[in-house]
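These notes are about the structure you will find just below.
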Amino acid sequence: MQVIEVKNLKKAFGDNPVLDGVDLSVNKSEVVVIMGPSGSGKSTFLRCLTYLEEPNAGIIRIGPHELHTGGKLDRKRKKEIRELRKKTGFVFQSFNLFPNKTAIENVMEGPLTIYGVTPNEAKELAESLLVKVGLGDRCDHYPSQLSGGQQQRVAIARALSLNPTVMLYDEPTSALDPELVREVLQVIKDLAEEGMTMVIVTHEMNFAREVADRVIFMDGGVIIEQGDPKELFDNPKEERTKRFLTMAE
Amino acid sequence: MIESLEGSEVVDVTIIIDSLPSLLKATIMTLFLSCISVLIALVIGFSTALIRILKIKVVYEIASIYISVIRGTPLLVQIFVIYYGLPQIGISLDPISSGVMALSLNAGAYLSESFRASILAVDRGQMEAAISMGMTYGQAMRRIILPQSLRIAIPTLSNSFIVLVKDTSLVSVITVTELLQMSSLIIAKTFEPLTIYLTAAAIYWILITFFTTLLDKFEKRSSKHLVR
C-alpha cells in the first residue's frame with residue numbers, strides 16, 4: 001500500500017527552478033533516504049510535502065489526503081493543508097523546539113491544540129513518547145538545558161505526538177556535534193523497526209546503508225537514480241551519482 | 001540679619017511636610033493618567049502591530065500613517081491639537097480626557113513599533129514548527145509566537161512606560177492637576193520652587209523605580225527557561 005504518492009512536483013523560487021518534476025511513491029513502513037549535493041532540491045522537496053513551501057505544480061497524496069497545486073487558498077483548502085500536516089510528522093534540522101516550554105510541554109502542545117485532548121491525557125501521551133526517545137528523566141527540562149541530541153529527540157517525540165502516518169526528517173543530524181549524531185539516528189532506527197513510514201534527507205551514508213529500504217539520489221531538482229542502498233552506493237549507474245559518492249567518501 | 005538668613009534655608013523640611021498631602025493627592029492623578037493611558041496604549045499598540053504584520057488592506061495604510069504622524073510630532077503639540085484644536089470642529093474634551101487621549105495615542109504608536117519588532121524577532125522556525133503540526137495561523141500566533149514575543153518586548157515596553165509616566169507632566173499645561181501642576185500651585189503660595197520641585201522630582205523617581213523593579217521581576221520570571 002502506498003502511503004505517499006507524489007506526481008510531477010515542481011517548485012521555483014522566482015526564476016530559479018528548484019524542483020523540476022519529481023515523482024515519488026513510498027510504501028507503508030518503507031524508509032526512504034534522500035541524498036544529494038546542497039542545492040539539489042532535496043530539502044525543498046521534503047518541505048513541499050507538507051506545504052511548508054507551496055509547490056507550483058504537481059499532486060501530493062499522504063494517506064487519504066490528496067492535494068493538487070494551484071488551488072485558491074480559501075478556507076476549505078487551508079483546512080485540507082492542515083489535515084495533511086496533522087498526518088505528517090516533520091523534524092527540522094534546527095529542532096525548532098518551543099524554547100519557553102519544557103520538553104513535556106513541547107510534546108503536549110500538538111495533542112492539546114490540534115486534537116483538544118485533556119491536559120492529563122496529553123501529559124500521559126507525552127510522557128510515554130519521551131520515555132520512548134530515552135528522555136523520560138528530562139520531562140521538565142527546558143530546551144536550553146538539553147544537549148542538541150536531546151533536543152532533536154524531543155522534537156521527534158513532538159512530531160510523533162499527533163500519531164502521524166509518515167515522518168519526514170530534514171537533515172535531522174546536520175546541526176549536531178558528531179558525538180550526538182548516534183543517539184538521534186538510533187531513535188529513528190527504532191522507529192523504522194516499528195514499521196513507521198519515513199522519508200529522511202541526510203548525509204549519513206552508513207545510516208542510510210543500515211536503515212534505508214531505498215536511497216534516492218537527487219541533483220538539479222530531479223531524481224537522478226534510486227534503488228537499494230547497497231546497490232546504489234556500491235554500484236551507482238549514473239555519472240552524477242558516482243561523482244557525488246566519490247566526493248562524499 | 002542672622003535670623004532672616006536662618007529663615008531662608010535652601011530646603012525647608014516643614015514646607016515639604018506641609019505640602020506633602022497635596023502632592024501625594026496629585027500623584028494619584030499622575031498614576032491614574034499613566035495607568036489608564038498605558039492600558040489604552042497597549043490595546044492600540046498591539047492591534048496596530050498585528051494590522052501591520054498581517055498587512056490587512058486599507059487599515060494597514062491608516063495604521064502606518066498614524067504611527068508616522070505621532071512619532072514625527074512633539075507630544076506637546078499633540079496635546080494642544082486635541083485640547084485647543086478639536087473644539088473648533090465641535091469635539092470638546094475636558095482636560096483629563098484630552099490628556100488621556102494624547103498620552104495613549106502617543107504611547108500607542110511607540111508600543112506598536114515595539115510589538116511589531118518583537119513579533120518579527122521570534123525565529124521563523126517557531127511558526128514553521130507550529131503550522132507543520134497542523135495549527136492554524138491564529139493558533140500558532142496565540143500559543144507559540146505571541147508569548148515569546150511578549151518576553152522580547154518587555155524591556156522596550158518597560159521603557160515606554162517610564163517615558164509615559166514622565167510625559168504625564170506635560171498635561172499640566174492644559175490645567176490637569178497632576179504632580180507637576182500641583183507643585184507649581186504650591187510654589188505660587190510658598191515661593192519655594194527648589195524645595196517643592198525637588199520633592200516632586202523625588203516622587204517621580206520613587207514611582208518609576210517602583211515600576212521598573214516590578215517589570216524587571218516580571219522579565220526575570222518570563223525568562224526562567226533561558227537560565228541554564
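Atoms considered below: every heavy atom in the structure, side chains included; atoms not considered: hydrogens, waters and symmetry mates. Here is the naming used below: chain letters follow the sequence lines, and residue numbers restart at 1 for every chain.
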| request: Against chain B, label A:Ser94 side chain, backbone, both or neither, depending on which of its atoms sit under 4.5 Å from a heavy atom there. | output: neither
| note | So, the part of A:Phe98 with a heavy atom under 4.5 Å from chain B: the answer is both
| remark: Applying side-chain contact (heavy atoms from CB on, under 4.5 Å) to A:Ser147 and not counting sequence neighbours gives A:Gln150, A:Leu180, A:Glu183
| said: Is A:Thr88 close to chain B through its backbone or its side chain, or both, or neither, when contacts mean heavy atoms under 4.5 Å? | reply: backbone
| Side chains of A:Ile81 and B:Ile131: closer than 4.5 Å at any heavy-atom pair? | no
| request: Look at atom CD of B:Gln88 and say whether more than 12 heavy atoms of other residues, nucleotides or ligands are closer to it than 6.0 Å. | output: no
| remark: If one checks every heavy atom of B:Arg124 against chain A at 4.5 Å, the contacting part turns out to be side chain
| request: Can you see which heavy atom on A:Asn100 is nearest to which on B:Pro147, and at what distance? | output: ND2-CB, 3.8 Å
| request: Might you confirm whether atom NZ of A:Lys7 has over 12 heavy atoms from other residues, nucleotides or ligands at distances under 6.0 Å? | output: no
| What closest approach, in Å, do A:Arg82 and B:Gly134 show between heavy atoms, and which atom pair accounts for it? | CD-O, 3.1 Å
| Are there more than 12 heavy atoms of other residues, nucleotides or ligands under 6.0 Å from atom CD of A:Glu66? | yes
| message | For a quick test of reading the model, state the closest non-hydrogen atom pair linking A:Leu162 to B:Met133 and the distance between them. | response | CD1-O, 3.1 Å
| query | Has A:Tyr115 got more than 12 heavy atoms of other residues, nucleotides or ligands less than 6.0 Å from its OH? | reply | yes
| Does any heavy atom of chain B fall under 4.5 Å from the side chain of A:Leu97, the backbone, both, or neither of them? | backbone
| message | Quick check on B:Gln148 against chain A: is it the side chain, the backbone, both or neither that has a heavy atom closer than 4.5 Å? | response | both
| field | Straight-line distance of A:Thr113 OG1 to B:Met135 CE, nearest 0.5 Å | value | 4.0 Å
| message | At a 4.5 Å cut-off on heavy atoms, which part of B:Thr136 comes close to chain A: side chain, backbone, both, or neither? | response | both
| query | If you count heavy-atom pairs under 4.5 Å with chain B, which of A:Lys101, A:Arg47, A:Glu83 comes out on top? | reply | A:Arg47
